[in-house]
Protein chains: 2
Amino acid sequence: MPVPPPPPDAVARVRRFNRAITRAVGALNTSFLDRGRPLGAARVLNAIGQGRSDLGEIRAYLGLDSGLMSRLLRGLEAEGLVATAADAQDSRRRVVHLTPAGAAEFAEYERLSDAQAAGILATHPDPGALLAAMDLIGSALGRDRTTLEVCDPRSPEALRCLQAYYAELAARLPHSFDVSLSCDPQAEAMMAPHGAFIVAMSDGLALGCVGLKGTDAGYAEIKRLWVAPAARGLGLARRLMDGAEAAAQGLGIALLRLDTNSALPEAIALYRATGWTEIARFNDDPYPDVFFEKRLAQA
Amino acid sequence: MPVPPPPPDAVARVRRFNRAITRAVGALNTSFLDRGRPLGAARVLNAIGQGRSDLGEIRAYLGLDSGLMSRLLRGLEAEGLVATAADAQDSRRRVVHLTPAGAAEFAEYERLSDAQAAGILATHPDPGALLAAMDLIGSALGRDRTTLEVCDPRSPEALRCLQAYYAELAARLPHSFDVSLSCDPQAEAMMAPHGAFIVAMSDGLALGCVGLKGTDAGYAEIKRLWVAPAARGLGLARRLMDGAEAAAQGLGIALLRLDTNSALPEAIALYRATGWTEIARFNDDPYPDVFFEKRLAQA
DNA sequence: CATTTTGCCTGACTTATGTCAGATGAATTC
DNA sequence: GAATTCATCTGACATAAGTCAGGCAAAATG
């Protein structure tokens, strides 16, 4: 794709954006202080509320020193918001959980955050455009924090991706697209031990997916490769494909195949660039018209 | 305009954006710390570098306590970066300026900021889309910090607005638009004491403009009302018009007129809603086809 | 079993930031 | 010209946040 050169005021505009968000983040933080707790303690409480229970994990996530972490935790314990216990498997480790009072306090922080988010949207004339802009920037900034996660293809994140994937296929393929026609595999074929379904998560938002569907014909198929428009060009499709290949190797699969459509040139270019070779039609699905194969090195 | 309802995951997406930018701001701040100075001192240095010299003004801008401000300033003085002196008019006040060493240090911070901004742009596949998203979000977040400023219509900010204004007219008007044809007034007519040119500034970016052009026919004309696409729907056009009216009253002008084109329905709706009455054609400019007038209360 | 490693805790310390009550000296007001 | 107001400075505190050196007990390693 031809990338237009950035306009002369580009750097000034980015810096203006930086100033604006620095202020917004400051406002966000001070609003958290209204609950009478220092920011560090509030962050720990929120990490626990999000389901993180392993102390070391929380420390790594928040980037805290073990001494500081210990003290913050003790403060929350003194407030009666959290309780700690030794890990059942390894009693050097400690696990933390919210007490009922802590859960209530966490809910209060969540309410605050939600209200702030809703407030930003409510005062804007075009929330859809604002959200799209936020997704784009969030994806760009959170690029190296985007993680691949194996999950159930029927999970909410997976369904969000698949829905967007089908909507896009319908818009881009010349003939109208009907999901039920395209031989839709059962979810089990895309879960261990037959296959896998991988979602790219960025700060809680699913940005892309790929399915590895096991067959009983000596190969597995790559299906449903999709990347959110806001995250395109960031190399996510390649990461997803790498993840799918690694999953296949982990399952002892030696041969991969996929079918695609010539109306999706970006996808085809990616396959060609990553070691796939074009082969003859291997199924009678009416929609695909290009077919690829890749042999994997044994794990 | 019909506004589509926000999607069900809207709040989650805003919160994801918040998380992403909170991290980005943190990274930004820690990078400033690499110059071995606490953030507070760096902020004061930057405020001075931006041309603020009055101590009280800097304190208000940064929201600092007078004691803290004093100490930070003393630290910068000890480093040899700034020098203070009593104000010439009022020797209770103090004015600050950068020493050569301070100017060099400030330039270094600027270089850092520019490099970071350029870095974000450079790694993105579509810098134009990223900038548009940043402008949109910056405008939404900086909404209540957008200020109206009277300036020379030949200043860089004004020219940026006017250029965008003409480009848009060319795109929206049915016949091709040529600036030189539309009787282009001299800049003097849009400056005191004849008129005014007002620019809406948001964190250093010009988001809109309006010109008040004095004539010798007993009225002044509103010209070149423009709002950046990223800032539309936020009520900026109305604020600019209010500003122009206030400027007119300040200049003792009692009658305002304007011409516009029926291809710009948003503008026409605004005029109707703010006390303007449609009148007969009052000039022979070929482009406009709708004409308005408004009588002002005497200041 | 002895040694080392690991995960967490504690105490002692530092730095950054913020707050508050005067002190100081220069305008301003009466 | 005395009293008041104002802008800034100083000293005395307070709190948040972070660092570092050990300490302790459980787990892993030999």
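Each chain gets a letter, A, B and so on, in the order its sequence line appears, and its residues count up from 1. None of these values were measured; they are calculated from a predicted model.
If you measure from atom CZ of A:R94 to atom P of D:dA27, you get 13 Å, rounded to the nearest angstrom. What separates CG of A:D90 from C1' of D:dT29 is a distance of 15 Å, to the nearest Å. Between B:N29 atom CG and C:dT17 atom C1' the separation is 14 Å, expressed in whole Å. The interatomic distance linking B:E77 (CD) with D:dT8 (P) rounds to 13 Å, in whole Å. Between the CD atom of A:Q89 and the P atom of D:dA27 there is a distance of 10 Å, rounded to whole Å. Across the protein-nucleic acid pair, B:L33 atom CG and C:dA16 atom P stand 9 Å apart, rounded to whole Å.
Residue contacts for B:E57: at a heavy-atom cut-off of 4.0 Å it reaches no nucleic acid atom on any strand shown.
Shown for residues 46-56 of chain B: residues whose heavy atoms fall under 4.0 angstrom of DNA chain D, namely B:L55, B:G56.
For residues 27-81 of chain B, every residue pair satisfying the ring pair (Phe, Tyr, Trp, His ring centres under 6.0 Å) rule, not counting sequence neighbours, is listed here: B:F32-B:Y109. For residues 59-80 of chain B, the set of pairs meeting the salt bridge (charged side-chain N to carboxylate O under 4.0 Å, His left out) definition, not counting sequence neighbours, comprises B:R37-B:E79.
In summary, B:R15 and A:E110 engage in a salt bridge, as defined by a charged side-chain N under 4.0 Å from a carboxylate O.
For the atom pair B:L212 CG and B:H194 NE2, the distance stands at 12.0 Å (nearest 0.5 Å).
Looking at A:L55 and A:D87, their side chains never come closer than 4.5 Å, going by heavy atoms from C-beta outward. Within the 4.5 Å cutoff, no side-chain heavy atoms of A:V82 are placed close to those of A:V44.
No more than 12 heavy atoms of other residues, nucleotides or ligands lie within 6.0 Å of CZ in A:R238, so this atom counts as exposed by the packing criterion.
For B:R59 and A:S91, each mapped to the nucleotide of DNA chain D holding its nearest heavy atom, the one lying further toward the 5' end belongs to B:R59.
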Could you check B:D9 against A:R160 for salt bridge (charged side-chain N to carboxylate O under 4.0 Å, His left out), going step by step and ending with a plain yes or no? CA-CA 10 Å; B:D9 59 350; A:R160 189 189 165 276; 3.3 Å; yes
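Residues satisfying the side chain to side chain donor-acceptor pair (under 3.5 Å) test with A:R19, not counting sequence neighbours, are none.
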Could you encode protein contacts along nucleotides 10-19 of chain D as a string, one character per nucleotide from 5' to 3', using B for base contact, S for sugar-phosphate-only contact and - for no contact, with a heavy-atom cut-off of under 4.0 Å? BBB---SSBB
Per-nucleotide protein contact string for nucleotides 1-6 of chain D, where B marks a base within reach and S marks sugar-phosphate only (heavy atoms under 4.0 Å, - for neither): -----B
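In terms of modelled atom types and a separation under 3.5 Å, the side chain of A:T84 and the main chain of A:V95 share no donor-acceptor contact.
Nearest heavy-atom pair, B:R16 versus A:G138, reported as atom, atom and distance to 0.1 Å: NH2-C, 3.4 Å.
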